[in-house]
Participant: 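Next up is a structure, given as structure tokens.
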Amino acid sequence: MTDAEPDRETTVGELSEGQILRGILDRLPPSSAPVGPGDDAAVLAVPDGRVVASTDTLVHGPDFRLAWSSPFDLGFKAAAVNLADVAAMGARPIALLVALAMPDTTPLAFVRGFADGLAAACAELAPDCAVEGGDLTVSDTLTIAVTALGSLDGRAPVRRSGARVGDGVYVIGELGEAARGLDVLFERFVDTDGAPVALTDEARAALDPADAKALSSQLAPRPPLDEALRAAASGATAMMDVSDGLALDATRLADASGVTIAIDSSALGDDPARALGGGEDHGFLVTFPPDAETLGRRIGSVQQRGAAAIEVDGAAWTGRAGWDPYRDWDAGRG
């Protein structure tokens, strides 16, 4: 299938599943797996013998808006957020399985752009990883479900439950940037009723550099996967992807480990509240023992379990805890 056949106006409803699939596979690099896309299932070579697996779903509405996200950005983000979950376990990403449920009015050009974003994310963030299969179906709501698989390469998995009293608490990556990007979208790219309006290339070019950077962090995050794997190799005792906000994710790590995470707000940058309560940063929260070679920046310490799972500047955190779709999703916002 060439870019001109069928043309860019063709929708997926006019094509067979096989034609749509060819439109995707044509955009992806060749598989290096023993059995890649095309059979009922892929066959992967995993030298370690253990597979780390994670799944994440992006739904139009609570997770993204087509007015704001290009097909390429959606593909990139769908890959990146799943790759981060695998790397947070100390595993090297090796494969993605992608399920795409979309309205039959979806242009084929969207599918191709989405596939380009998947391929670009793998090439940039995890060169050993490729899309090895998935599923296509029709739905009134555009939904993207990605399963990421990884190899531990002989290491033990780094879990949330390993933090020990006396460990240092570190963050690899940036905090609050994605939340600032979301604020830019809801403040500048909605109509009077709060519905999203198109984010054009011209509008993005007109943003000041700081807002443009924040917007990119929201729409196409680039988690520092290499640093996460180095942290695992350096003896990290616990690690997790910071996807729902530092305060909420630190609470999860503290509860899993039976400790209190004490955070110093002065280490969180110019906007500690956004760093603590925002989401979708897709950096890594890591604890290291005192004698380890550390990565990232230190933001606190692991203490004996107290009354609160996390403390900020010596007091229990009572501000926004992070993103919870059941609490925070508001269909009225567009």
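Being a predicted model, the structure only gives us computed values, none of them experimental.
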Participant: Flag the pair D270 and R180 as a salt bridge only when some basic side-chain nitrogen lies within less than 4.0 angstrom of an acidic carboxylate oxygen.
Facilitator: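 Salt bridge: no.
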Participant: Hey, quick one: are L83 and L44 part of the same hydrophobic cluster, counting side-chain heavy atoms closer than 4.5 Å, chains of contacts allowed?
Facilitator: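 Each belongs to a different hydrophobic cluster.
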Participant: Verify the cluster assignment for L15 and V138: are they in a single hydrophobic cluster under the rule of side-chain heavy atoms below 4.5 Å apart?
Facilitator: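 No, it is not one cluster - the side chains of L15 and V138 are not joined through contacts under 4.5 Å.
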Participant: Any non-hydrogen side-chain atom of V111 less than 4.5 Å from a side-chain atom of I24?
Facilitator: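 Yes - at least one pair of side-chain heavy atoms lies under 4.5 Å apart.
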Participant: G278 and A179: which non-hydrogen atoms are nearest, and at how many Å?
Facilitator: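 Smallest heavy-atom distance, with atoms named: CA-CB, 3.7 Å.
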Participant: Go through the steps for I261 and V302 under the test side-chain contact (heavy atoms from CB on, under 4.5 Å), then give the verdict.
Facilitator: CA-CA 5 Å; I261 301 294; V302 179; 4.0 Å; yes
Participant: Report yes or no: do L74 and V59 belong to one cluster of Ile/Leu/Val/Met/Phe/Trp/Tyr joined by side chain heavy-atom distances under 4.5 Å?
Facilitator: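 Not linked; separate clusters.
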Participant: Crowded around Q304 CD? As in, over 12 foreign heavy atoms under 6.0 Å?
Facilitator: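 Not buried by this count: 12 neighbours or fewer within 6.0 Å.
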Participant: Indicate yes or no: does D255 engage R305 in a salt bridge with an N to O separation below 4.0 Å.
Facilitator: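 Looking at D255 and R305, the cut-off is met.
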Participant: If you look only at pairs with a residue in residues 218-233, which of them pass as a side chain to side chain donor-acceptor pair (under 3.5 Å), with sequence neighbours excluded?
Facilitator: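 For residues 218-233: K77-Q218, E124-R222, Q218-E280.
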Participant: Would S151 and D48 count as having a side-chain donor-acceptor pair, cut-off 3.5 Å?
Facilitator: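 On atom types as modelled, these side chains do not qualify, holding no pair under 3.5 Å.
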Participant: Could you see if V81 belongs to whatever hydrophobic cluster contains V242? Use Ile, Leu, Val, Met, Phe, Trp, Tyr and a side-chain cutoff under 4.5 Å.
Facilitator: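 No; V242 is not reachable from V81 via cluster members.
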Participant: Report whether M89 and V46 are members of the same hydrophobic cluster (ILVMFWY, side-chain heavy atoms less than 4.5 Å apart, transitive linking).
Facilitator: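 In one cluster: no.
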Participant: Taking all non-hydrogen atoms of both residues, which atom of E132 and which atom of L97 are closest, and how far apart?
Facilitator: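 Closest pair (atom of E132, atom of L97, distance): C-CD2, 4.0 Å.
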Participant: Going by heavy atoms in the side chains, are L136 and V12 under 4.5 Å from each other?
Facilitator: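 Of all side-chain heavy-atom pairs linking V12 with L136, none is under 4.5 Å.
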Participant: Taking only Lys NZ, Arg NE, NH1 and NH2, and the carboxylate oxygens of Asp or Glu, determine whether R252 and D244 approach each other closer than 4.0 Å.
Facilitator: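 Salt bridge flag = yes for D244 with R252.
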Participant: Going by the side chain to side chain donor-acceptor pair (under 3.5 Å) test, which pairs reach into residues 135-150, not counting sequence neighbours?
Facilitator: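 Every pair satisfying side chain to side chain donor-acceptor pair (under 3.5 Å) with a residue in residues 135-150: T55-T147.
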Participant: Under the side-chain contact (heavy atoms from CB on, under 4.5 Å) rule, what do D313 and D264 come out as? Steps first, then yes or no, please.
Facilitator: CA-CA 5 Å; D313 299 333; D264 178 1; 3.6 Å; yes
Participant: In sequence, state the C-alpha distance, the side-chain angles, and the governing distance for L295 and F284, and then conclude on side-chain contact (heavy atoms from CB on, under 4.5 Å).
Facilitator: CA-CA 10 Å; L295 290 89; F284 298 92; over 6 Å; no
Participant: Indicate every side-chain donor-acceptor pair of residues 158-170 with a distance under 3.5 Å to a residue at least two apart or in another chain.
Facilitator:
residue: D167; atom: OD2; partner: R164; partner atom: N; Å: 2.9
residue: D167; atom: OD2; partner: T237; partner atom: OG1; Å: 2.7

Participant: For residues L225 and P93, report the shortest heavy-atom separation together with the two atoms involved.
Facilitator: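 Closest approach of L225 to P93, heavy atoms only: CD1-CG, 4.5 Å.
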Participant: Tell me, please, which residues at least two apart from A53 pass side-chain contact (heavy atoms from CB on, under 4.5 Å).
Facilitator: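 L149.
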Participant: I need the minimum non-hydrogen distance between C122 and L96, along with the two atoms involved.
Facilitator: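 That would be SG-CD1, 3.7 Å.
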Participant: Apply ring pair (Phe, Tyr, Trp, His ring centres under 6.0 Å) to F110 and list each qualifying residue two or more places apart in sequence or on a separate chain.
Facilitator: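 In terms of ring pair (Phe, Tyr, Trp, His ring centres under 6.0 Å), with neighbours along the sequence ignored, F110 is linked to no residue.
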Participant: Which heavy atom of A79 sits nearest a heavy atom of L118, and at what distance?
Facilitator: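 That would be CB-CD2, 4.0 Å.
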Participant: Using a 4.5 Å cut-off on heavy atoms from C-beta on, say whether the side chain of I144 contacts that of F64.
Facilitator: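 Heavy-atom side-chain distance check passes, below 4.5 Å.
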Participant: Hey, could you give me each pair passing ring-ring contact (aromatic ring centres under 6.0 Å, His included) that has a residue in residues 198-256? Not counting sequence neighbours.
Facilitator: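 Passing the test, one end in residues 198-256: no pairs.
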Participant: Can you see which heavy atom on V52 is nearest to which on A91, and at what distance?
Facilitator: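 Between these two residues, the closest heavy atoms are CG2-CB, 3.7 Å.
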